[in-house]
Every structure is written in structure tokens, then in C-alpha cells.
There are 2 protein chains.
Amino acid sequence: MRSTAPTFSPLYRQIKDFLIASLERGEWGPGDAIPSEGELAQRFNVSQGTVRKAIDEMAAENMLVRRQGKGTFVSTHSDPRSFYRFLRLLPDDGVAVPSVSKPFFCEKIPASPEVARELGLRLGDPVIHVKRLLSFAGQTVVFDQLYLVGDLFNELTLEALRAGERSLYSLFESDFGVRMISAEERLRAVAADAESAGHLGVDVGAPLLLVERTAYTYGNKPVEWRRGLYCTAHHYYRNDLG
Amino acid sequence: MRSTAPTFSPLYRQIKDFLIASLERGEWGPGDAIPSEGELAQRFNVSQGTVRKAIDEMAAENMLVRRQGKGTFVSTHSDPRSFYRFLRLLPDDGVAVPSVSKPFFCEKIPASPEVARELGLRLGDPVIHVKRLLSFAGQTVVFDQLYLVGDLFNELTLEALRAGERSLYSLFESDFGVRMISAEERLRAVAADAESAGHLGVDVGAPLLLVERTAYTYGNKPVEWRRGLYCTAHHYYRNDLG
DNA sequence: GAGTGGTCTAGACCACATG
DNA sequence: ATGTGGTCTAGACCACTCT
């Protein structure tokens with residue numbers, strides 16, 4: 001790891017970058033343990049403290065999860081305690097409830113100007129358009145429209161989406177090897193149009209929370225753009241300003 | 001340090017707690033430099049690395065700001081680069097613009113059930129009720145109603161609120177010694193009522209973004225509850241899911 | 001040059017999980 | 001008993017800022 005050439009990034013950051021690249025290559029799958037700090041230190045010829053600092057940063061960014069006595073593990077969307085953190089909607093009483101996803105539309109289309117811009121594609125590049133509803137306790141609360149980079153989700157079908165009880169991101173991770181690491185959301189209040197009103201069981205013109213999300217995988221590469229309409233009559237979007 | 005159970009907290013955490021208590025006591029004011037890592041290490045009879053870890057955590061929580069070569073400083077809401085991070089509203093083009101706050105109402109009232117619950121007060125305890133408008137580029141975009149713990153903001157008047165160009169939190173910090181450290185927000189889409197519609201220049205029933213915020217000072221003590229109505233016709237609420 | 005935070009090392013010991 | 005992450009030390013040197 002020590003390089004003779006003049007380099008401007010500290011050792012622990014080079015190690016972090018190497019580990020991220022390894023994750024990207026799929027060297028260790030979601031839920032797997034990565035090598036111990038001691039072993040990595042030997043492998044890179046650095047002290048354990050240096051490896052530790054690299055892993056600390058990655059854990060802070062939710063790419064890895066440390067568990068004392070057991071090891072360090074690759075985060076996974078299947079594990080609620082580590083990677084189930086993108087849905088911020090809670091019922092009024094604040095008590096989280098399992099959600100049920102009901103996809104009902106899936107089609108490959110050419111990217112519109114808006115979608116192309118948000119996903120960093122060229123106009124007309126293939127994207128997968130998905131529509132789904134989300135329910136809490138039997139009540140439909142969210143109408144989502146997803147646009148996925150076509151090259152990465154080539155064989156995605158409605159049947160595949162409907163299989164299993166997993167979250168979408170968990171499915172993307174296990175079936176397509178695409179892991180969502182971070183996302184940026186833009187929120188607005190809008191009036192319900194006819195389609196949304198029908199899906200959510202509200203009147204046309206009723207206020208809905210519009211949530212537009214761009215989701216990124218390793219290297220801040222955008223892979224999903226999503227437009228969700230949330231009915232906030234009995235639920236709210238929670239945000240912690242840390 | 002703890003008494004409920006024989007659970008021991010690590011050294012660096014005890015040091016962190018001590019530093020937080022010092023900040024709470026006002027030992028170092030906002031913007032001041034705290035003692036250097038070396039000096040603190042001597043003072044506590046620990047190694048510099050242990051002090052460092054305590055400060056690292058506090059910097060990650062935005063209580064302190066490190067500046068290489070200069071020192072470590074107490075965060076302040078007056079400094080845009082460190083503590084001006086609670087307003088998440090941006091114009092559609094994404095380019096931040098300075099905001100102008102126009103308070104127009106300030107009155108001491110007894111806490112309603114809702115306010116008492118959110119602020120951890122008893123029903124009827126004194127709170128300060130403030131109303132203000134926020135503008136971007138001459139356009140009124142936010143109608144805020146604040147409820148402040150009365151004991152901490154005893155002499156707050158409309159004149160004081162109007163003095164200066166500072167943000168409210170900057171004023172609270174310098175004039176009342178109350179520093180907002182973290183906050184929790186709950187967002188909903190609602191229809192504009194008559195008062196809000198008038199202030200924001202929209203029709204009654206137009207969709208508005210309702211943002212309810214509880215803000216906390218040191219020790220997670222709630223000191224402000226706020227209900228804001230955002231007109232999101234040309235602005236959006238930005239949220240990063242890290 | 002003096003003082004600060006930032007990186008890195010080598011080694012010790014503690015706390016937790018598992019066989 | 002062994003292996004893992006978590007804490008702590010003492011000291012070295014680097015990078016940045018100011019005088």
C-alpha cells in the first residue's frame with residue numbers, strides 16, 4: 001500500500017477506496033463478513049489502527065456494519081437493522097408497521113428528458129418504468145413510479161417484482177447486484193391528479209406529499225429515479241436534523 | 001459516572017460528557033476555540049488519542065468544528081459554514097438564496113396540550129408564541145409559528161426579534177444562551193387555511209407543505225416546537241438519505 | 001519557528017461471541 | 001480457549017496557519 005509516488009490522499013483513505021472497489025466488484029456479498037482488521041492490516045502492510053479508520057468511515061456511511069466479537073459485515077437491504085432506512089413514512093402514532101408493496105406495472109421505455117437528466121443518461125436510453133402501491137396495515141398510502149437504468153435491470157419483470165415479500169431494494173440487491181447506498185429526495189406538496197386520487201382513495205385536488213428521489217449506488221452513480229405520492233392524512237414523513 | 005447499573009463508559013465518552021457539560025455551562029462561547037488536544041490530554045491525564053476520539057464524536061454531531069492548524073471551535077449559528085443547516089428549502093433551480101425573516105407577532109401564552117406534550121412541559125406552563133414569514137428573493141414562501149419554552153426566553157420581544165439580520169437561532173444563541181443542537185421534523189401535505197393562504201398569497205385549499213419541528217439543545221432537551229407552512233410552488237424541501 | 005490538528009505505528013488490554 | 005472488534009497509550013512525523 002505504501003507508494004513511492006507522491007500521493008495526496010492518506011493511507012486510510014486509499015484503503016477505504018480499495019475496500020469500496022472490492023465491494024463494487026462483488027468480492028464480498030451483502031451480509032458476508034469481510035476479513036478481520038488484523039488480516040487486512042497484514043495484507044496492506046499497515047497498522048490495525050489505519051485499517052480501523054478506513055472501516056470506521058465506511059461504517060458511518062452505512063456500507064459496512066461492525067459487530068463486536070463477530071466481525072465486520074457488508075450491509076444489506078434484507079437486514080432491517082442496517083439498511084432499511086429509505087422509507088421515512090410513519091403512522092401518526094409513530095409506531096412503525098410493516099409495509100406491503102404491490103407492483104402492478106413494469107415496462108421498458110425510452111428515457112424522457114427529465115428521467116435522462118436525473119439518471120445521467122442520454123435521451124431515449126432504455127429505462128424500466130415501474131408503478132407500485134405501498135400499504136400500511138391494509139391502507140394504501142403511497143403511489144410510486146420508478147425509473148431504473150435499463151442496462152442494469154435488463155430482465156426485470158412484473159412477475160419478478162411480485163415474487164416474495166422483500167423490499168424492492170432487497171430484490172434489486174439480490175437479483176441484479178445493484179446496491180443502493182445513498183439517495184437524495186425533493187419534497188413538495190401537490191394536488192392529487194385523477195390517477196393518484198384513484199390509487200390512494202382521495203378526492204382529486206386533495207393535498208399529497210410529492211417525494212422525488214434519486215438513488216445512487218457505489219461511486220455516486222445514479223441508478224434509480226422515483227416519483228412517489230404520499231397520502232399524509234394519517235401518516236407523516238419523519239426527518240432528523242442531526 | 002452511571003448509577004443505575006454497574007455499566008462503565010469508556011474514557012473518551014466520559015471526556016465527551018465533560019466537554020458537553022462545559023459547553024452547557026457556557027465555559028466556552030459560540031465561535032470560541034476550546035483548549036488544544038494536547039492541553040486537554042494533560043488536564044485529564046489521558047493520551048491525546050483519547051481526547052481526539054471524544055472531539056471526533058462531537059464534531060460529527062456538529063457541536064464542535066475542527067480547523068487544521070488553528071484549533072477546535074464551538075459551533076455557532078452565526079457561522080453559515082457550520083451551523084446554518086436547519087432550513088432545507090431551496091428554489092427549483094437548486095441555487096441557495098439568502099432568506100429574510102419577518103417576525104410580526106410575539107406573545108407569552110400558557111402551553112396548550114399539544115405544545116406542552118411536544119416541549120415536555122405541564123399544561124399551562126408559559127411559552128412564547130411567535131409568528132413570522134420567511135422570504136426568498138422577495139417572495140414569501142414560509143409561514144412559521146414558533147412555541148418557545150417560556151423560562152428560557154423570558155424577555156423575548158417583537159422588537160428584539162426584528163433587530164438585526166441574523167437568523168432566529170443565531171439570535172437565540174447570542175441573546176439567550178440557548179443553542180439548538182438537533183431537531184426532528186414531521187412533514188405532511190395539507191390544504192391552506194385562510195390565514196396561511198393570506199400570508200403566502202395562495203388560494204384557500206391550495207396544497208402546502210406542513211413542517212412540524214421539535215428542536216433540542218444540549219442533553220436532548222426540547223426548547224422549541226415549530227409549525228411551518230411552506231409554499232412549494234417554486235421551492236422544494238431537500239433531504240439527503242446518507 | 002511555534003502551535004495546532006491529521007496521520008500512522010506497535011503494542012497492550014478489555015468486552016463480546018462462539019465452540 | 002480463541003478470535004473478533006473496542007479502548008487506550010506513547011511517541012513519531014506530516015500539513016496547515018499565523019507571526
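All chains are named by letter (A, B, ...) in the order of the sequence lines, taking the proteins before the strands, and each is independently numbered beginning at 1.
- Going from atom CZ of B:Phe73 over to atom C1' of D:dC18 covers 12 Å, rounded to whole Å.
- Whole-Å rounding puts the B:Asn45 CG to D:dC8 P distance at 14 Å.
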- Please step through side-chain hydrogen bond (donor to acceptor under 3.5 Å, both in side chains) for the pair A:Tyr237 and A:Glu185, ending with a clear verdict. CA-CA 12 Å; A:Tyr237 180 104; A:Glu185 294 193 327; 2.4 Å; yes
- Query: Passes side-chain hydrogen bond (donor to acceptor under 3.5 Å, both in side chains), A:Thr217 versus A:Arg179? Steps please.
  - Reply: CA-CA 6 Å; A:Thr217 187; A:Arg179 262 174 285 172; over 6 Å; no
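- Inspection of the A:Tyr169 and A:Thr76 side chains reveals no N or O donor paired with an N or O acceptor under 3.5 Å.
- Applying the side chain to side chain donor-acceptor pair (under 3.5 Å) rule to B:Asn154 yields the partners B:Lys108; only residues at least two apart in sequence or on another chain are considered.
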Under 3.5 Å, which donor-acceptor pairs link side chains of residues 59-67 of chain B to any protein atom two or more places apart or in another chain?
{"from": "B:Glu61", "atom 1": "OE2", "to": "B:Lys16", "atom 2": "NZ", "distance (Å)": "2.8"}
{"from": "B:Arg66", "atom 1": "NH1", "to": "B:Asp56", "atom 2": "OD1", "distance (Å)": "2.4"}
{"from": "B:Arg66", "atom 1": "NH2", "to": "B:Glu37", "atom 2": "OE2", "distance (Å)": "2.0"}

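- For the pair A:Phe44 CZ and C:dT9 P, the computed distance is 13 Å after rounding to whole Å.
- Taking the six-membered ring where the residue is Trp, the centroids of A:Phe86 and A:His77 are separated by under 6.0 Å.
- The distance between atom CG of B:Leu40 and atom C1' of C:dG3, rounded to the nearest whole Å, is 15 Å.
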For nucleotides 5-7 of chain C, list the nitrogen or oxygen atoms of the protein found under 3.5 Å from its nitrogen or oxygen atoms, one pair per line.
{"from": "C:dG5", "atom 1": "OP1", "to": "B:Thr72", "atom 2": "OG1", "distance (Å)": "3.3"}
{"from": "C:dG5", "atom 1": "OP2", "to": "B:Glu37", "atom 2": "N", "distance (Å)": "3.0"}
{"from": "C:dG6", "atom 1": "OP2", "to": "B:Arg52", "atom 2": "NH1", "distance (Å)": "3.2"}
{"from": "C:dG6", "atom 1": "OP2", "to": "B:Arg52", "atom 2": "NH2", "distance (Å)": "2.8"}
{"from": "C:dG6", "atom 1": "OP2", "to": "B:Arg66", "atom 2": "NE", "distance (Å)": "2.8"}
{"from": "C:dG6", "atom 1": "OP2", "to": "B:Arg66", "atom 2": "NH2", "distance (Å)": "3.4"}
{"from": "C:dT7", "atom 1": "OP1", "to": "A:Tyr12", "atom 2": "OH", "distance (Å)": "2.9"}
{"from": "C:dT7", "atom 1": "OP2", "to": "A:Lys53", "atom 2": "NZ", "distance (Å)": "2.9"}

